Peer 1: 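Just dropping this structure here.
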Protein chains: 2
Amino acid sequence: MRLFVRFLPDPMDLNKKHQMESIQLGISIAISGLASKPERDLLMKDFMMVETVSFPKTGSPTTPAHKFNEFKFKTYAPIAFRHFRALFGIKTDDYLLSVGSTQNHLVELTNPGASGSVFYLTHDDQFIIKTVQPKEAEFLLKLLPQYYMNLRQNPRTLLPKFFGQYCYICGGKNIRLIIMNNLLPSTIKMHQKYDLKGSTYKRKASSHERSKTSPTFKDLDFMEHHKEGLILEPAIYDELMKTIASDLRVLESFKIMDFSLLVGVHNLTLAQDSNGPPIEPMSIENLKETDSWRAIPAKNSKGENLLLFMGIIDILQSYRFKKKLEHTFKSMIHDGDSISVHKPSYYCKRFQEFMGTRVLRPAPS
Amino acid sequence: MRLFVRFLPDPMDLNKKHQMESIQLGISIAISGLASKPERDLLMKDFMMVETVSFPKTGSPTTPAHKFNEFKFKTYAPIAFRHFRALFGIKTDDYLLSVGSTQNHLVELTNPGASGSVFYLTHDDQFIIKTVQPKEAEFLLKLLPQYYMNLRQNPRTLLPKFFGQYCYICGGKNIRLIIMNNLLPSTIKMHQKYDLKGSTYKRKASSHERSKTSPTFKDLDFMEHHKEGLILEPAIYDELMKTIASDLRVLESFKIMDFSLLVGVHNLTLAQDSNGPPIEPMSIENLKETDSWRAIPAKNSKGENLLLFMGIIDILQSYRFKKKLEHTFKSMIHDGDSISVHKPSYYCKRFQEFMGTRVLRPAPS
């Protein structure tokens, strides 16, 4: 009996599993439904569209029968996100298979931040599904026109790649989700990982974090590990800093702060000993206007060859939405220049300076 | 004495002249002021910016002394319009010289529409300054993000090229202005001109209009003059209709109606006899993605070679703003299918059909 009981799935887990499968079903129907809408130029009104589909247990003309609890599924700005996916080079079939197929289970990630979000990774390592707060979901929708403008003008942007936004509604419960790119592919060993904000105030990984196999370090740790920063070819450095400057103008214009630069460092010199697949570094000669920053060649102070994977994360916190929190933080400010919660313009300026002088440096040319 | 009096300028005219020169001064200061703002990616917030400058008679640190009445000058979305001018290939110095130099007088045009707007042409024939109603000015500002999106995705757009939006304020009087392209260059003889809406209801030029040297005809006149339409190379026809379809999606999405296609027909066969400068027709082979439609080669039913100059005009009338007017019109509808004031979606559909079948036709291939 005991054995039998042990093999019965935990009812909580089963609920969660069904919930995730319902979400995948919702996404698959949303994506399939788009096929009937021909490609056309994106319009402002596309950013404001919301589609709601009901999923009765017995099925409907547009939805299959299912074994889960009945639910509704909202798709935000479906045409706009399709447009974004196309700009990011994501094929609809691949997206459908990765995100929307209940055959392909999602893996829950341990939460790297303290935001209360839950992260799921698709089986193929391509996409991250993140649960977000109502305020964050609302904010992303407001950001979309600006996000589009940035994609058009700054196609190599380091901002998160947003592929879709949804809401799963079941029994009075709303789970808001966004689908993003996975910055740090798990097939590539990251010898070091950093979450950098450009602040030095309490920016040290906890001892709990350090005890992990692949800890995410913070600003002070970085400065200790890489006193001379990460050294880039001057041409790459210049282009990358241009991208960051454009991204920061966008973030500042929407009063966004508390975001981080996530940096994964793959050490090619150390990796030579292991037998992983070879990774193609991007080269400045072949860098196209529309290429994303990925596998950026760099060196550390020992002269070891590195590949950097980086992106700006956690951009859905707007200063406008957190005045109250801000006041709390202000009351505990010790050092106006080194606390990471401050006015957005200051935050962005400091971020840019830190990344451009402490984290990334041009090799002497 | 009598002679002397006759040479004194009419005080009304002088007022108007001073007013126009004040406006030119306002524009020149607005444009010069932009030089200190470096080029950067356009942001959403740029669409909402308004700059106001006071012009005291005695001058100020940023404005010269002048002989006109004191005035204020508002510049709307200065960075956004600079971005548009760059996309349209307008150099700042040229714009400044054409529009903002009081040395270069503006020519008032006889008003082709019944909108109550006044039109001025710059001395070099390049730009049109149009006075607009408060509602129209407000509407253009709301349209700007969508307008930007269209420029990016549909760069050959036939929509008006907007180069700037301003407001001259003097003694409680507000004159709102927009600067646009001049669709029909006066150096090129237009053998025929049409204002087409896709409607046949009362769409005939008045006898007063017909008596002019260069009358603007309407839909019914066009159908009489060109029973077989204007014949285009099939490849040009297809591209042009794609442009029109994209433009109409934009107009419909903003519930815009009552706009027209302005078509100027230059007859090359007739023009051979005269001695004007030769005009380079655009060719489908050399047509670049970013080229504007201009001097489009066509033929009439007699086989004469034509060059077409066309654009969609009067797009600042939104259905949302004219419900009342709409009801008035509805009361006098005789034929739901042939009155030009109707629901925007119907208006756009009929417009597209009329232009694609009655006005423009592909040559048999």
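Naming: A, B, ... by sequence-line order, numbering from 1 per chain. Side chains included, hydrogens not; waters and symmetry mates left out as well; all remaining heavy atoms used. Not measured: the values here are computed from a predicted model.
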Peer 1: About how many Å separate CG of A:Leu42 and CZ of B:Arg152, when rounded to the nearest 0.5 Å?
Peer 2: 13.5 Å
Peer 1: To the nearest 0.5 Å, how far apart are CD in B:Gln146 and CG in A:Asp41?
Peer 2: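 Answer for the CD-CG pair, B:Gln146 versus A:Asp41, is 9.0 Å.
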Peer 1: Mind running side-chain contact (heavy atoms from CB on, under 4.5 Å) on A:Met149 and B:Leu43 for me, showing each step along the way?
Peer 2: CA-CA 7 Å; A:Met149 290 177 74; B:Leu43 298 168; 5.6 Å; no
Peer 1: Any chance CZ of A:Arg361 has more than 12 other-residue heavy atoms, nucleotides or ligands included, within less than 6.0 Å?
Peer 2: yes
Peer 1: Counting only heavy atoms not in A:Lys37 (residues, nucleotides, ligands), do more than 12 fall under 6.0 Å from its NZ?
Peer 2: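 Result for NZ/A:Lys37: enclosed.
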Peer 1: What part of B:Phe47 gets closer than 4.5 Å to chain A, counting heavy atoms only: side chain, backbone, both or neither?
Peer 2: side chain
Peer 1: Nearest 0.5 Å, please: how far is NZ in A:Lys142 from CE in B:Met44?
Peer 2: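 NZ of A:Lys142 is found 12.0 Å from CE of B:Met44.
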Peer 1: Within a reach of under 6.0 Å around CD of A:Gln153, are more than 12 heavy atoms found that belong to other residues, nucleotides or ligands?
Peer 2: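 Counting other residues, nucleotides and ligands, CD of A:Gln153 exceeds 12 neighbours.
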Peer 1: For B:Arg82, look at atom CZ and say whether over 12 heavy atoms of other residues, nucleotides or ligands are found less than 6.0 Å away.
Peer 2: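 Yes, enclosed.
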